[in-house]
Amino acid sequence: MTPHGETASPVVLYVCADRAPGSPGAATQRAQTEGQAFAQERGLTIAEVVTDTYGEPDPAHRKGWRHVRRLVQTGNVTAVLVRWPSAIAPESAHELRHRETAWLHDRGVCVRYTWAPLSSVSDEPGDPARRCPDL
């Protein structure tokens, strides 16, 4: 529930942290715990936790990110929570990250970072589509 007694709109927690496929490791566990705490502190409802193995720079080539896009297309997701920008795409492929955040914005969905030093930042610094309201 939000402070006004309304049900919070659902968000997706996207985790792309571990390099080895299979069972989640410490990095995935840390990102999930952090994301859940971030959501709880803000009264957000995590509709689904979606994970990918870190390493593929283009999010469009990752099964989990493609699932995030399908969830967004339903119109029932207001934000995608990620630990930090490189979970979407590494700095060496920052244009792919901008492409994906712009795609989300075009559908009314914003990106929020859950890692404490970035948690007050919405989307990418310098991103013209940076219009994510405080959640």
Side-chain angles (χ1 to χ4, degrees):
M1 298 288 259
T2 65
H4 303 290
E6 303 165 5
T7 303
S9 298
V11 299
V12 172
L13 175 58
Y14 178 70
V15 178
C16 184
D18 283 315
R19 293 184 185 274
S23 62
T28 293
Q29 293 294 336
R30 194 169 31 257
Q32 286 181 351
T33 299
E34 206 169 75
Q36 290 163 343
F38 179 93
Q40 184 176 14
E41 290 167 6
R42 288 158 181 81
L44 302 172
T45 302
I46 296 177
E48 191 168 338
V49 177
V50 178
T51 61
D52 268 325
T53 302
Y54 187 81
E56 167 57 57
D58 189 345
H61 294 165
R62 292 186 223 131
K63 182 179 178 182
W65 188 259
R66 288 192 307 269
H67 183 63
V68 167
R69 280 176 150 253
R70 285 190 300 274
L71 292 170
V72 166
Q73 288 175 320
T74 68
N76 295 324
V77 174
T78 59
V80 175
L81 307 180
V82 298
R83 189 160 198 223
W84 42 48
S86 62
I88 299 172
E91 192 54 39
S92 61
H94 65 275
E95 69 283 353
L96 300 173
R97 184 168 58 240
H98 292 298
R99 177 195 72 200
E100 294 303 311
T101 56
W103 185 89
L104 293 170
H105 285 131
D106 289 348
R107 284 145 189 87
V109 174
C110 59
V111 174
R112 293 299 308 263
Y113 302 123
T114 62
W115 186 52
L118 296 176
S119 65
S120 64
V121 177
S122 302
D123 302 305
E124 280 294 295
D127 184 345
R130 188 176 172 189
R131 294 182 204 96
C132 188
D134 286 338
L135 298 175

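Quick note: residue numbers are just sequence positions, from 1.
- Within the 4.5 Å cutoff, the side chain of C16 has no heavy atoms near those of the W65 side chain.
- Pairing each heavy atom of P59 with each of P57, the nearest pair is CD-O, 3.2 Å.
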| query | How far apart are the C-alpha atoms of E91 and S86, what are their side-chain angles, what is the distance that settles it, and do they pass the side-chain contact (heavy atoms from CB on, under 4.5 Å) test? | reply | CA-CA 6 Å; E91 192 54 39; S86 62; over 6 Å; no

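- Among all heavy-atom pairs drawn from N76 and P10, the shortest one is O-CG, 2.7 Å.
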| task | Apply the test side-chain hydrogen bond (donor to acceptor under 3.5 Å, both in side chains) to residues E34 and W115: give CA-CA distance (whole Å), side-chain angles for both, the deciding distance (0.1 Å), then the verdict. | result | CA-CA 7 Å; E34 206 169 75; W115 186 52; 4.6 Å; no

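- Atom CG of L96 and atom CD of E56 lie 9.0 Å apart (nearest 0.5 Å).
- Y14 and Y54 fall into different hydrophobic clusters, where Ile, Leu, Val, Met, Phe, Trp and Tyr are joined by side-chain heavy atoms under 4.5 Å apart, directly or via other members.
- Counting only heavy atoms from C-beta outward, the side chains of L81 and F38 approach each other to under 4.5 Å.
- Annotation: side chain of L44 is not in contact with side chain of I46 (no heavy-atom distance under 4.5 Å).
- When each of V11, V80, V12 is paired with L71, the side chain to side chain contact (heavy atoms under 4.5 Å, CB included) condition holds for V12 and for no other.
- Annotation: side chain of V109 is not in contact with side chain of W103 (no heavy-atom distance under 4.5 Å).
- Qualifying side-chain hydrogen bond (donor to acceptor under 3.5 Å, both in side chains) partners for Q32, counting only residues two or more places apart in sequence or in other chains: none.
- E48 contributes no side-chain N or O that, together with a main-chain N or O of V50, makes up a donor-acceptor pair within less than 3.5 Å.
- Taken to the nearest 0.5 Å, the CZ atom of R42 stands 6.0 Å off from the CZ atom of R112.
- Checking R97, H98, R83, R62 one by one against I88, the side chain to side chain contact (heavy atoms under 4.5 Å, CB included) holds for a single residue, R97.
- A heavy-atom distance below 4.5 Å is found between the side chains of L118 and P85.
- Classification of R66 and D52 as a salt-bridged pair fails, no side-chain N sitting under 4.0 Å from a carboxylate O.
- Atom CG of D18 and atom OG1 of T28 lie 3.0 Å apart (nearest 0.5 Å).
- For CD of Q29, the number of neighbouring non-hydrogen atoms (other residues, nucleotides, ligands) closer than 6.0 Å is greater than 12.
- Expressed to the nearest 0.5 Å, how far CD of Q36 lies from OG1 of T114 amounts to 10.0 Å.
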